[in-house]
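Okay, so here's the structure we're looking at.
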Amino acid sequence: MESEPIITPLIAIVGVTASGKSKLAMQLAERFDGEIICADSRTVYKGMDIGTAKPSKKDQKAITHHLLDIINPDETFNVREFKQLALDAIHSVAAQDKLPILVGGTGLYIDAILFDYQFSPAGARRSLHNPRHLKYQELTAYQRPLRTNSLVIGLSQSKDQLQVRVKERVEAMFHKGLINETKTLVQKYGWEAPGLNTIGYREWQEYFAGRQTLEQTQDLITLRSLQYAKRQRTWFKRNNSIHWVDDPMKVVDLVTTFLNKKQ
RNA sequence: GCAGGGUUAGUGAAGCGGUCAAACACGGCAGACUGUAAAUCUGCUGGCUUAUGCCUUCGUAGGUUCGAAUCCUACACCCUGCA
């Protein structure tokens, strides 16, 4: 199943939150007749639209997006499932003679595809250091070669830019009714649901409990998003296969060259 | 005006004569990451510099003491009670 005929060209777009990945992906998909595969651990959840900045219905109608809304917020998901699903999606896109574009900020998911992660058998030992981690494989990260026929593009952004963009994005989420979306989700699934442990949602807990103002909630979400971006930056930093660009316009050339070379 | 309480590093907050460059939390910086990853975990966070080193900090100015963030005096600002 996992033996992909490694000839399918793949474009991957990475970057921290609010860096403009989705928009760029749309442009590329339109331009190069592609379909988007979302490598995002949060947009897989149904009903979590505003808080995850999920691609709009309009965008989804214009371009096929894979791996969106595939599970309920009270269900769990993991890299292994992701890898299988994403691989399937890549194949089906390629089978239609279209260009698969892998987009997302979940570094682990991206790398599972890019570096063909091999997962431990069930019952693997947990790391003493961090119980949430399974004991390390024999291979160190990035020791494996990058998936052949892949172009990895990273959207870089200065910290100042990022700060502004995140602030605006969170503001927009509030206007779109993030509070109601959260309320609905909590009523339906409860705070314990895996999906609710997400920036943009869990911060409302204190607000609903009356221990936090609306403004404080908004500031907190902005802060947590920025901290998240920091972690993403650290993750991507060590992957030197990424072609970092600060101007989305330059990407078209990159992709064109990449596709021509492959013919 | 009188009587109390307070002023500590970016923020909040411990400390109440030596073992204090000063707990802890948050924030910040850096890092990790192969079945929870928008999660989880680790290190650093006064300066110099990286040493069982030096220097400068605990409202301001003095004083007591071998030794003060810790005691005393004065001043400044803040809060509370009585006027």
Side-chain angles (χ1 to χ4, degrees), chain A residues 2 14-19 21-22 38-45 48-54 67-68 71-87 103-147 159 162-163 165-166 169-170 173 178 181-182 185 191-206 211-212 216 219-239:
Chain A
E2 296 198 353
V14 305
V16 302
T17 187
S19 57
K21 299 184 294 288
S22 304
C38 298
D40 188 309
S41 72
R42 299 297 126 175
T43 54
V44 293
Y45 288 113
M48 291 172 44
D49 302 334
I50 299 171
T52 62
K54 195 179 284 173
L67 268 43
L68 240 38
I71 54 173
N72 284 318
D74 57 350
E75 295 180 274
T76 53
F77 191 65
N78 61 43
V79 217
R80 187 175 200 152
E81 289 178 59
F82 172 80
K83 188 189 173 192
Q84 189 53 249
L85 259 26
L87 249 29
V103 188
T106 305
L108 181 68
Y109 286 11
I110 291 278
D111 287 356
I113 300 299
L114 253 31
F115 297 96
D116 190 31
Y117 275 16
Q118 301 300 314
F119 303 106
S120 310
R125 279 163 52 218
R126 303 234 153 219
S127 154
L128 260 52
H129 202 51
N130 185 354
R132 289 279 275 261
H133 286 173
L134 249 49
K135 199 70 186 166
Y136 224 38
Q137 286 289 296
E138 66 286 352
L139 288 172
T140 318
Y142 302 105
Q143 204 170 307
R144 283 178 163 280
L146 177 71
R147 200 198 99 120
K159 284 188 184 174
L162 182 73
Q163 226 154 39
R165 295 204 50 165
V166 167
R169 170 179 272 198
V170 174
M173 286 177 179
L178 182 58
E181 183 171 280
T182 307
L185 288 165
W191 285 115
E192 297 313 306
L196 270 295
N197 187 202
T198 294
I199 295 169
Y201 296 99
R202 59 176 175 193
E203 288 77 14
W204 290 96
Q205 206 159 169
E206 290 297 289
R211 278 179 248 124
Q212 203 173 70
Q216 287 173 321
D219 289 347
L220 222 208
I221 292 175
T222 305
L223 177 71
R224 298 266 103 103
S225 301
L226 254 12
Q227 292 176 330
Y228 167 50
K230 171 79 176 64
R231 270 173 273 135
Q232 289 177 301
R233 201 192 301 258
T234 301
W235 180 284
F236 293 128
K237 207 183 275 179
R238 64 177 177 172
N239 180 349

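A note on names: the letters A, B, ... follow the listed sequences, proteins ahead of strands, and every chain is numbered from 1. From a predicted model like this one, the values you see are computed outputs, not experimental measurements.
Spacing of P atoms, B/U8 relative to B/C79, comes out at 15 Å, to the nearest Å. A distance of about 9 Å separates the P atoms of B/G46 and B/A23, rounded to the whole Å. When the C1' atom is compared between B/A37 and B/A32, the two are found 12 Å apart, to the nearest whole Å. Rounded to the nearest Å, the gap between the P atom of B/G47 and that of B/C29 is 15 Å. B/A13 and B/G17 have their C1' atoms separated by 22 Å, with the value rounded to a whole Å. Taking atom C1' in both B/G18 and B/G28, the straight-line distance is 33 Å, to the nearest Å. The P atoms of B/C58 and B/A21 are separated by 14 Å, rounded to the nearest whole Å. One C1' atom belongs to B/U56, the other to B/G5, and the distance between them is 30 Å to the nearest Å.
A donor and an acceptor atom never sit less than 3.5 Å apart when one is taken from the side chain of A/Asn78 and the other from the base of B/U36.
One atom, CD of A/Gln232, and another, P of B/A37, lie 13 Å apart when rounded to the nearest Å. Atom C1' of nucleotide B/G35 and atom CZ of A/Phe77 are separated by 11 Å, given to the nearest angstrom. One can place CD1 of A/Ile221 at 12 Å from C1' of B/A38, the figure rounded to the nearest angstrom. One interatomic measurement links the two molecules: CZ of A/Arg80 to P of B/U36, which rounds to 11 Å at whole-angstrom precision.
Here A/Tyr228 reaches the OP1 or OP2 of B/A38: one of its side-chain N or O atoms lies under 4.0 Å away. For B/A38, the OP1/OP2 oxygens have no side-chain nitrogen or oxygen of A/Tyr201 closer than 4.0 Å. Residue A/His133 has a polar side-chain atom (N or O) positioned under 4.0 Å from OP1 or OP2 of B/U34. Side-chain N/O atoms of A/Ser225 include none lying less than 4.0 angstrom from OP1 or OP2 on B/A38.
Residue-level contact check: A/Thr106 touches the backbone only, with heavy atoms under 4.0 Å from sugar-phosphate atoms and none from bases. Within the 4.0 angstrom heavy-atom criterion, base atoms lie near A/Gly51. Counting non-hydrogen atoms under 4.0 angstrom, A/Thr17 reaches nothing in the nucleic acid.
Side chains of A/Arg231 and A/Val16 form no contact here, defined as non-hydrogen atoms less than 4.5 Å apart.
Across all strands shown, B/A68 has no partner, as no Watson-Crick or G-U wobble contact with both distances under 3.5 Å is found.
A/Gln216 meets the side-chain contact (heavy atoms from CB on, under 4.5 Å) test with A/Gln212, A/Thr213; sequence neighbours excluded.
Comparing B/U34, B/U36, B/G28 by their closest approach to the side chain of A/Arg42 singles out B/U36. Taking only side-chain atoms of A/Val79, from C-beta outward, the nucleotide of B/A38, B/G35, B/C41 with the closest atom is B/G35. Out of B/U40, B/A37, B/A38, the shortest distance to the side chain of A/Thr43 is found at B/A38.
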Give each protein N/O atom lying under 3.5 Å from an N/O atom of nucleotides 43-45 of chain B, with the pair distance.
none

Protein and nucleotides 29-31 of chain B: nitrogen or oxygen contacts under 3.5 angstrom:
unit_1 : atom_1 : unit_2   : atom_2 : d
B/A30  : OP2    : A/Lys230 : NZ     : 3.0
B/G31  : OP1    : A/Lys237 : NZ     : 3.3
B/G31  : OP2    : A/Lys237 : NZ     : 3.0

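The 5' end of RNA chain B is approached more closely, in terms of each residue's nearest nucleotide, by A/Leu220 than by the other of A/Ser41 and A/Leu220.
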